[in-house]
Amino acid sequence: MGRSNRSIDKERDGRSMRKGHGGIFSRAKRHLVQLFAALLYNLDFQGIATMSVGRAPSKGVCAPGLHCYSCPGAVAACPVGALQQALASASLPMGFYVGGTLLAFGALAGRTICGWACPFGFLQDMIDKVGRAMHLPEVRKDTWSRRLSWLKYFMLALVIAGPVVTLMTHDLGKPLFCSFVCPAGTLPGIALVAASPSLQSMVGVLFSWKVSLLLALIVAALFVYRPFCRFLCPLGALYGFFNRFCLLRYTVDTEACTNCGACVEACRMDVKQVGDRECIQCGACKSVCEFGAIRFSVGVRKRDASPAAPAASDNEANVKTGATPSHGDESKPPRTA
Amino acid sequence: MANSNQIPHGKSTGISPKIILAIVAVVLVAAFAGISLLTGGNAKDSDDYAGMGSRTQSSQSADSGSSASSSEAPDVTLNLVDGSQRQLSDSRGHVVILSFWATWCPYCIEEMPDIQQITKDYEGVEAILVNCGEDAATVEDFMAENPYDFTWVLDEDYAVQSAYPTSGIPYTLVIDAEGNVVKAFSGSKASGMYNDFAAAVEEAMK
């Protein structure tokens with residue numbers, strides 16, 4: 001079953017080998033950054049040791065990625081949780097505070113946060129590694145996954161509407177996404193319940209539902225790359241809106257690009273163009289680009305196009321001009337359209 | 001390394017997404033049934049109230065690890081919203097429901113009608129509501145909108161909460177007339193807490 005997939009993997013690896021050590025090195029580097037970020041999110045070692053939820057003042061600040069406030073190791077707040085809390089409390093200052101924080105993270109990094117600084121994304125990357133190591137068949141993106149990826153906008157709607165609607169109907173705003181969906185919160189939830197007999201006597205249907213959902217996502221992550229991020233994450237949906245103009249992102253040099261489509265083909269997210277709303281800026285496309293047209297950019301750049309599909313336009317000319325100088329010419333400004 | 005079966009780019013290969021979807025659905029249902037079986041009917045009493053673990057080792061040492069059916073509630077100084085002070089031990093002689101809450105905690109606020117009903121249904125039960133970390137103005141605003149007949153306590157520096165083995169709220173204890181903790185509840189049930197509170201209060205009154 002897995003044969004055909006592996007042959008694609010080999011081909012992909014072959015391509016990155018042609019590019020030199022860059023691909024493998026940069027991928028390992030990303031995982032190191034992810035690991036470091038996950039540690040930074042969980043610096044409350046005392047909380048982990050005593051299995052208790054800390055009350056440090058730093059919890060008044062949002063971490064950039066999805067990360068449950070109730071995690072014993074957490075030193076900061078989850079932006080999705082804080083957003084729901086701001087809506088539930090209908091407090092204008094808190095709304096501005098959380099909204100401003102989210103705008104700042106979005107404008108700075110967009111979904112670069114998903115690819116590099118989200119502990120739950122890191123967890124799924126590692127589960128994916130296990131799945132590949134076990135030679136499980138991988139289901140790649142296709143029409144089904146592109147359709148399913150719209151579901152995360154529904155989750156974003158739930159994040160916003162949940163507290164507002166419950167506030168109107170019950171006079172008590174509730175974080176419905178946290179309660180019924182968020183698998184990142186289920187992880188510490190299991191740990192806390194396991195550590196506390198008094199919590200064990202309290203768990204009911206909701207606990208069963210959330211643990212089942214987490215298990216289902218973990219199983220899914222063995223076969224499908226990052227299922228939560230692609231189909232369910234409201235934070236990814238929100239940050240995706242910033243992907244086109246945030247400061248840290250991958251950009252395509254349209255002069256060097258030949259529209260060969262290798263980047264979109266190599267990408268395991270539901271990306272149609274490098275850097276679109278689904279892009280988590282992991283850089284896999286960079287290592288497969290034979291023309292050096294993709295690079296990580298810092299700062300404000302003009303919006304540039306990248307190939308949606310192989311196109312047979314003026315490719316020949318682009319190959320000649322783009323392939324050779326691209327490496328040493330990092331500072332070349334993008335073509336003005 | 002040369003492959004005889006080269007697959008064109010952009011095609012989903014091998015296993016069908018429907019099969020994965022089916023596997024995931026089966027896992028979801030099986031896990032739900034399994035976990036419900038494991039945790040459901042788990043009405044076992046958690047007699048010691050080693051709740052969610054405490055950061056203050058000293059307070060925990062008094063009662064952690066005790067398998068006794070009840071243990072003494074740590075005595076604390078209560079700063080009432082009206083500015084006065086009293087000891088928790090002043091409430092000895094009647095049953096007390098001690099509940100930790102905050103205005104930002106919807107699940108704490110949901111317990112309040114149940115607590116109020118208990119104080120109406122069981123004579124002589126006092127409800128002491130300890131707010132966690134918020135200032136007097138915030139609590140007074142809440143009290144104005146929610147006129148429950150409780151003893152409202154401020155705990156801006158978490159001194160009271162630190163004396164109890166909890167860090168998460170809602171956290172509600174039922175304390176008998178001798179000052180012993182009969183039962184502690186971490187978190188709350190979606191179906192409401194009245195029956196749990198009532199059972200604990202009845203036990204405390206025995």
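Residue numbers start from 1 in every chain, and the chains themselves are labelled A, B, ... in the order their sequence lines are given, proteins ahead of strands. This one's a predicted model, so the numbers in the text were calculated from it and none came from an experiment.
Here the closest heavy-atom approach between residue B:Trp104 and residue A:Gln85 is recorded as O-NE2, 2.9 Å. The two atoms that bring A:Lys174 and B:Pro106 nearest to each other are CG-CB, 4.0 Å, heavy atoms only. In plain terms, the two heavy atoms of B:Gly187 and A:Leu199 that are nearest each other are N-CD2, 4.4 Å. Of all the heavy atoms in B:Ser162 and A:Arg55, the pair that sits closest is OG-NH2, 3.8 Å.
When heavy atoms are compared at a cutoff of 4.5 Å, B:Ile20 approaches chain A solely by way of its side chain, counted from C-beta outward. Contact of B:Glu110 with chain A is made through backbone and side chain together, with heavy-atom distances under 4.5 Å. No part of A:Leu206 comes within reach of chain B, as not one of its non-hydrogen atoms sits under 4.5 angstrom from that chain. With a 4.5 Å cut-off on non-hydrogen atoms, A:Val205 touches chain B through its backbone and its side chain both. Looking at A:Ala88, neither its backbone nor its side chain comes within 4.5 Å of chain B, counting heavy atoms on both sides.
Summarising the local packing, NE2 of A:His170 is surrounded by 12 or fewer heavy atoms from other residues, nucleotides or ligands at distances under 6.0 Å. The 12-atom threshold is exceeded at CZ of A:Arg146, counting heavy atoms of other residues, nucleotides or ligands nearer than 6.0 Å. When the shell of 6.0 Å around CG of B:Asp135 is examined, it contains more than 12 heavy atoms from other residues, nucleotides or ligands.
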*For the pair A:Trp144 and B:Ser16, evaluate side-chain contact (heavy atoms from CB on, under 4.5 Å) and give the outcome as yes or no after the intermediate values.*
CA-CA 10 Å; A:Trp144 69 274; B:Ser16 148; over 6 Å; no
*Mind running side-chain contact (heavy atoms from CB on, under 4.5 Å) on B:Ile35 and A:Trp209 for me, showing each step along the way?*
CA-CA 9 Å; B:Ile35 298 159; A:Trp209 158 250; over 6 Å; no
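In this structure, CZ on A:Phe223 lies 12.5 Å from CG on B:Leu21, to the nearest 0.5 angstrom. Here CG of B:Asn146 is found 8.0 Å from CG of A:Asp171. Values are rounded to the nearest 0.5 Å. Taking NZ of B:Lys189 as the start and OG of A:Ser201 as the end, the distance is 6.5 Å to the nearest 0.5 Å.
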